[in-house]
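What follows is a single structure, written as C-alpha cells, with notes after it.
One is the number of the first residue; the rest follow in order along the sequence.
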Amino acid sequence: MSYSGGDNHGRGEAMSEAVSGREAGAGRRERRPQRMAAVPAGRATAAAMVQDELRREILDMELRPGAPLSEKELTARFGMSRTPVREALIRLKEEGLVEIFPQAGTFVARIPIGAIPEAVFIRQALECATVELLAERASAEDVARLDATIARQHEAFDAGDQESFHRADEAFHEALAQGAGYPGVWKLAQAAKSQIDRCRRMTLPVPGRMEMVIREHLAIVDEVRRHDAQAAIAAMRQHLGTLLPDLVHLQASNPDYFV
C-alpha cells in the first residue's frame, strides 16, 4: 500500500542577522532582511533518490518492520555523504515508515495496527468516488485499459511473479482514477495507504489470494462496463475491505511486525 509524502527537497538554513554600520552618535543599527539559504540541488536530489528507494523497499517488505537502518551502511551503499541519507531518513520518519531513537539507532517502523482501519476507510472513500465517476462516463478505451491490467495480473499469477502482480494491481487502480478524469485522486490514495501496502504484500503469498484479487477486479470492471455506478461502488468497497479480516491472522503470524 503509494504510495507519498516527503516531497520537500531540503530545508533552508536561517541566515544570521547582519548589522550595518552605525551612524555616529545616533546608536542606530540597521537590520538586513533574513534570507533562507538555498539547499544545493544535488543534495536535495540525492536525498529524494534515497527516500524513494528506501520507501519502495519498505512498502515491498524487502526491508522488514523493525530492521535496523545504519547511516554508515546506507552512505556506502548509495555512494554519497551522510547528509542526504540523514535527510531521507527524517522524511521517511515523517511518513511513519522509519523510527529514529537517538540513543538506540534508526529502524524500519513497525506497522501501526490501529491505523489500518482508518486508512482503509480513507481509501474506500476516495476510490469508491472515483469508480462511481468512471462508471458513469467510461469509454471503450477506459475499459480496455482496465482489461489490459487484469491480463497482466493473470500473466504474473501464472508465472508466480508476486512483484509483477503487485505492479499490475497498482496500475489497475491508477487506471481507474485516470479514466474518471481525476488522476490526482490516486496520488492521495497512495499517500493514505502506505501502511496498507505492507499488509497487502504480506497477503500475496497466501494460497488463493491472487486469484481472489483478480476476481474482484473483474467484478469492478464488469460493473464499469455496464455503467452501473452503484454496483461498481459496492464491488470496490468489498474489494478494498477484504484486508481487514486478515489483520488478526497477519498480526498473530508476525507479531514483531506490528505495534
Side-chain angles (χ1 to χ4, degrees), residues 1-11 39 44-71 73-75 77-78 82-127 163 166-167 169-170 173-174 177 184-204 240-259:
M1 62 227 92
S2 258
Y3 298 27
S4 340
D7 289 333
N8 292 332
H9 296 307
R11 297 171 297 168
V39 176
T45 302
M49 184 271 289
V50 175
Q51 179 187 6
D52 290 345
E53 178 60 20
L54 291 179
R55 182 196 298 112
R56 183 195 66 76
E57 293 176 2
I58 291 171
L59 297 186
D60 288 353
M61 294 294 285
E62 293 177 20
L63 288 172
R64 301 282 174 156
L69 296 169
S70 164
E71 283 188 14
E73 292 177 1
L74 291 173
T75 57
R77 171 186 166 186
F78 289 104
R82 286 199 174 191
T83 299
V85 169
R86 187 173 295 116
E87 289 178 1
L89 293 173
I90 290 172
R91 295 176 192 176
L92 290 169
K93 178 180 182 294
E94 293 169 353
E95 293 184 45
L97 297 177
V98 161
E99 294 176 308
I100 300 176
F101 301 102
Q103 303 304 321
T106 302
F107 304 86
V108 176
R110 290 181 292 170
I111 301 169
I113 193 76
I116 300 300
E118 181 179 33
V120 170
F121 176 83
I122 293 170
R123 188 178 181 192
Q124 285 177 326
L126 291 170
E127 295 210 56
E163 177 60 33
H166 179 73
R167 288 199 301 268
D169 191 326
E170 295 284 282
H173 288 273
E174 184 176 11
V185 172
W186 175 237
K187 294 181 180 179
L188 291 174
Q190 285 182 305
K193 72 185 183 67
S194 60
Q195 303 297 352
I196 295 175
D197 282 344
R198 295 203 279 176
C199 294
R200 288 169 60 210
R201 292 305 296 258
M202 293 169 66
T203 64
L204 279 184
L240 296 180
T242 53
L243 176 65
L244 294 176
D246 294 330
L247 290 180
V248 174
H249 172 72
L250 289 176
Q251 188 177 22
S253 302
N254 305 276
D256 293 340
Y257 289 175
F258 293 89
V259 63

Q | From R123 atom CZ to L188 atom CG, the distance as rounded to the nearest 0.5 Å | A | 13.0 Å

Q) Can you find a heavy atom in the side chain of T203 that is under 4.5 Å from one in the side chain of T242? A) no

Q: To the nearest 0.5 Å, tell me how far T83 OG1 sits from E87 CD.
A: 6.5 Å

Q: Walk me through it: do T45 and M49 pass the test side chain to side chain contact (heavy atoms under 4.5 Å, CB included)?
A: CA-CA 6 Å; T45 302; M49 184 271 289; 5.5 Å; no

Q.
How close do W186 and A177 get, counting heavy atoms only, and between which atoms?
A. CB-CB, 3.8 Å

Q.
Minimum heavy-atom separation for H173 and E127, please, with both atom names.
A. ND1-OE1, 2.8 Å

(Q) Can you confirm whether E53 is buried at CD, in the sense that more than 12 heavy atoms of other residues, nucleotides or ligands lie under 6.0 Å from that atom? (A) yes

Q: Measure the spacing between CG of L126 and NZ of K187 and express it to the nearest 0.5 Å.
A: 14.5 Å

Q) Which pair of non-hydrogen atoms, one from L59 and one from S194, has the smallest distance, and what is that distance? A) CD2-O, 3.2 Å

Q | Test item: L250 and I113 side chains (from C-beta on) under 4.5 Å apart, heavy atoms | A | no

Q) How many angstroms lie between CD1 in I100 and OG1 in T106, if you round to the nearest 0.5 Å? A) 4.5 Å

Q: Before accepting this row, confirm whether a basic side-chain N of the pair E62/R201 lies closer than 4.0 Å to the acidic partner's carboxylate O.
A: no

Q. Nearest heavy-atom pair of F258 and C199: which atoms, and what distance?
A. CE2-SG, 4.0 Å

Q: Could you pull out the closest heavy-atom pair between P65 and R198, with the gap in Å?
A: CG-NH1, 3.7 Å

Q: Give the C-alpha distance, both sets of side-chain angles, the deciding distance and a yes or no for side chain to side chain contact (heavy atoms under 4.5 Å, CB included) between I58 and V98.
A: CA-CA 9 Å; I58 291 171; V98 161; 4.1 Å; yes

**Q.** Charged N-O contact under 4.0 Å between E57 and R77
**A.** yes

(Q) Does anything in residues 244-259 form a salt bridge (charged side-chain N to carboxylate O under 4.0 Å, His left out)? List the pairs, not counting sequence neighbours. (A) R209-D246

**Q.** side chain to side chain contact (heavy atoms under 4.5 Å, CB included) evaluation trace for L74 with L89
**A.** CA-CA 10 Å; L74 291 173; L89 293 173; 4.2 Å; yes

Q) What distance separates L63 CG from L92 CG, expressed to the nearest 0.5 Å? A) 10.0 Å

Q.
Determine whether M202 and Y257 satisfy the following criterion, side chain to side chain contact (heavy atoms under 4.5 Å, CB included), listing intermediate values before the conclusion.
A. CA-CA 11 Å; M202 293 169 66; Y257 289 175; 3.7 Å; yes

Q) Should E95 and R91 count as an ion pair when the cut-off is N to O under 4.0 Å? A) no

Q) Which pair of non-hydrogen atoms, one from I122 and one from A192, has the smallest distance, and what is that distance? A) CG2-CB, 3.7 Å

Q: First locate atom CG of L243, then atom NZ of K193, and finally report the distance between them rounded to the nearest 0.5 Å.
A: 11.5 Å

